Each structure stands twice: as C-alpha cells, then as structure tokens.
Amino acid sequence: MIPDRSTAPTAADGTAVPLAEVRAAFGVAAAYALLAPSVFNTQPWRWQIGRDAVLTLRADRSRQVHSVDATRRLLLVSCGAALHHARLALAVAGYRTEVVRFPRGGDPDVLARITVTGRQDPDPEQSRQHAAGRRRRTDRRAFGDRTVPESTLRRLRAVVEAEGAYLHLVRDDQMPMLAVATANAASVELDDPGYRAELRRWTNRPPESRDGVPAASAVRQGLRRVPIREHALDGTPGLEVGDGTDRGAAYAILFGIGDAPADLLAGGEALSALLLTAVAEGLATAPLSDPIELDWPRWLMRNLLADIGEPYVVVRLGFVDDPSPLPPVLRREPADVIEYAD
Ligand SMILES: Cc1cc2nc3c(=O)[nH]c(=O)nc-3n(C[C@H](O)[C@H](O)[C@H](O)COP(=O)(O)O)c2cc1C
C-alpha cells in the first residue's frame with residue numbers, strides 16, 4: 001500500500017513516524033552507507049528518497065569495473081554492503097524497517113526499497129557494528145602471528161548466516177590453492193591492457209572525485225601467504241608490508257548457494273555484517289576478490305568449497321602489530337549519491 005503523502009506513515013503497532021522525520025533519517029542512513037567498502041572504492045550506488053517515504057537503492061552501472069566485473073557480481077556485492085550499512089543506521093536510530101529487495105517493476109538497477117514500519121529499541125550488537133563502521137578500513141598490511149579466537153570466528157559465521165550467506169574458513173591444507181589461485185589471477189589480469197587501464201583509472205582519481213584507491217592505501221609488494229592486489233602501477237605504495245607474516249590471519253570465503261543478483265546483494269549485506277563485527281571484535285580486515293574475478297581461479301575457489309556454493313569474496317582477518325593509523329580513503333559527498341524527490 002502506498003502511504004498517504006500528506007500525512008505521516010503509521011506503523012503496524014500504531015506508532016506514527018512523521019514523514020519529515022523519516023526522510024531525515026533516510027538521509028542520515030544513506031550518508032552513513034557511504035562508509036561501506038566497495039570494489040576499488042567505486043561506491044557504485046545511488047539513493048532516492050521519495051515523497052512516499054521510501055528509500056530506494058539503485059546500482060550505478062557507470063561505476064562498474066568491466067575488466068574484472070563483466071557480470072556485475074562485485075558491483076552487487078558492494079551495493080549489498082551499502083544496503084546493510086543503511087539498514088544498520090536506521091536500526092540504531094531506533095527505526096524498524098521493511099526491505100524489499102529487487103522489487104517488481106522491471107528496472108534491474110533498482111536493488112531495494114526500504115520503508116520505516118515503526119520504532120524499536122536499538123540492539124546493542126547493532127550499535128557496536130554501527131560504531132565500528134567509522135573505524136573499519138581495508139588494511140592491506142600483513143597481520144601478526146596472533147590467531148583469531150575460535151569464539152570470534154563462530155560469531156562471524158553466525159552474523160553472515162543471519163544475512164543469508166555462508167562462511168568457509170580456508171583450512172591450512174587449502175592455503176596453497178588460495179595463494180596459487182590469487183597469484184594466477186593477478187598475473188593474468190596484469191597482462192590484460194583493459195585491466196591495467198581500469199586499474200589506473202580507479203587508482204589515480206582526481207581529488208574532487210572522492211573515490212578510488214589512492215597509492216597511499218596501497219601496500220608494497222612482498223612475499224605474502226596470499227598476494228595482495230597491486231594498486232600502485234605507476235606510483236609508490238604508501239604502506240609498508242610491516243613486520244607481520246599473516247601467519248595468524250584467518251582467510252574466509254564468503255559464499256552463497258546461488259549466483260543470481262539477489263544472492264549477490266545478500267552476499268554484500270553479509271560481507272558488511274562480517275567486516276563490522278570483526279572490527280568491533282578488534283580485528284583488522286581486508287577483502288580480496290582477485291581469485292573470484294576470472295573463471296579459472298573462481299572454479300578453484302568453488303573447489304575449495306567442495307562445490308557446495310558460489311564464492312562471492314575472500315576476506316583476510318587478523319590482528320595488526322603496527323598500531324599506526326591508515327591514511328584516509330575518500331568517500332563521495334552525500335549530495336552526489338542521494339536524490340530527494342520533492
Ligand atoms: C566486493 C569487494 C571486492 C574487493 N576486492 C579487493 C581486492 O581484491 N583487493 C583489495 O586490496 N581490496 C579489495 N576490496 C576493498 C576495497 O578496495 C575497499 O573497500 C575500498 O577501497 C574502500 O576502502 P575501505 O575499505 O578502507 O573503506 C574489495 C571490496 C569489496 C566490497
């Protein structure tokens with residue numbers, strides 16, 4: 001039912017949330033969602049705040065990284081992460097919401113519509129995740145020897161499953177396969193002029209674009225358990241690998257049962273929940289998607305999952321020995337991604 005535009009929407013429990021308040025809360029949530037991780041920091045989404053008190057998430061195809069993401073998988077995972085961030089912001093602000101993913105209507109770029117259905121008391125766990133969103137950063141440095149506690153890994157698995165996806169912890173005997181698949185993907189991609197052009201595009205952004213991965217956030221190439229994507233083809237990476245060896249790091253494959261757009265969007269929501277929970281638990285995190293981007297390494301990743309699901313992204317989790325803060329990564333202005341229908 002489309003609510004009466006001149007009056008405040010009324011929740012199922014009878015609690016009216018004034019329209020102006022809902023629209024303001026949507027603005028705050030969409031702005032918070034800019035903190036979400038995205039492939040090459042492309043931030044490939046747009047939000048519309050309608051007069052009918054609906055917040056609509058749209059995919060921005062102009063930000064698709066074609067050479068590694070011809071099928072929009074990574075774009076959809078990134079948009080899912082933004083959707084989870086927005087849901088979290090609304091929940092923490094005390095709103096109960098309803099989310100319709102891929103609503104009927106035929107426009108494949110409309111990914112979700114969110115409505116406020118009432119008020120609720122914020123959940124402390126969600127508040128912790130929300131606070132972690134401001135601290136979370138992709139940390140490409142090597143992690144230390146301290147291992148991730150089993151209890152934390154169980155917790156991470158639970159938050160991922162609550163979002164409709166799954167987590168496979170790469171076993172020691174599977175690590176060589178992950179390393180080989182990632183190294184091969186990186187080398188094939190770097191041989192592709194189309195990839196190099198897109199990599200240059202997203203790692204050499206003019207400051208006013210407020211997106212992309214700056215050389216300051218790239219890490220020097222070095223011997224790693226699993227190689228890290230080269231982000232500074234022409235410049236000097238700003239980060240040293242550090243003293244760590246990644247020996248204590250956990251590598252997890254986030255996966256789901258399907259590869260349809262709705263599965264990938266849910267995968268992105270799960271990725272966000274995973275990263276924010278990990279950061280709240282004191283872990284450093286780094287998604288890596290190179291082994292998922294090309295058919296052959298992706299097939300190897302599916303083998304690591306014993307063919308029970310579709311891999312969405314790999315995540316490295318661990319503790320950093322180096323307490324120095326990471327350089328800032330820019331985000332677009334809210335006005336560039338949020339459109340108000342007046
Ligand atoms: C779907 C997805 C794939 C990503 N793949 C990689 C990757 O292969 N290597 C990497 O270093 N970072 C990867 N990232 C991290 C992004 O580069 C990072 O989120 C973005 O630059 C914004 O920086 P931040 O996470 O520090 O906020 C990925 C992120 C997402 C959401």
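By convention here, the first residue in the shown sequence is residue 1. Quick caveat: nothing in here was measured; it's all calculated off a predicted structure. Note that ligands are numbered from 1 as they come in the structure, with each ligand's atoms numbered from 1 the same way.
In this structure, a donor-acceptor pair under 3.5 Å is present between the side chains of N41 and Q43. Looking at D145 and T245, their side chains do bring a donor and an acceptor atom within 3.5 Å of each other. When only modelled atom types and interatomic distance are considered, Q129 and T277 share a side-chain donor-acceptor pair under 3.5 Å. Side-chain atoms of T117 and E98 include no donor-acceptor pair closer than 3.5 Å. There is no side-chain donor-acceptor pair under 3.5 Å between Y195 and E293. Checking S272 against H85 by side-chain atom types alone, a donor-acceptor pair falls below 3.5 Å.
Under the 3.5 Å distance criterion, the side-chain polar atoms of R140 are matched with a main-chain donor or acceptor of S217.
Here the shortest heavy-atom distance to atom 31 (C) of ligand 1, taken over A286, S38, A82, belongs to S38. Which of V213, T138, V39, V65 comes nearest to atom 26 (O) of ligand 1 through a heavy atom is settled by distance: it is T138.
Remark: minimum distance from atom 17 (O) of ligand 1 to any protein heavy atom is reached at R140 NH2, 3.0 Å.
Residue R136 has at least one heavy-atom neighbour below 4.0 Å for each of these atoms of ligand 1: 24 (P), 25 (O), 27 (O). With ligand atoms numbered from 1 in the order given, ligand 1 contributes 20 (C), 21 (O), 22 (C) to contacts under 4.0 Å with heavy atoms of N41. Ligand 1 places these atoms under 4.0 Å from at least one heavy atom of D290: 8 (O).
With a heavy-atom cut-off of 4.0 Å, R73 does not touch ligand 1 at all. The side chain of R229, and not its backbone, has at least one atom closer than 4.0 Å to an atom of ligand 1 (non-hydrogen atoms only; side chain from C-beta on). Both the backbone and the side chain of P37 come within 4.0 Å of ligand 1, counting heavy atoms alone.
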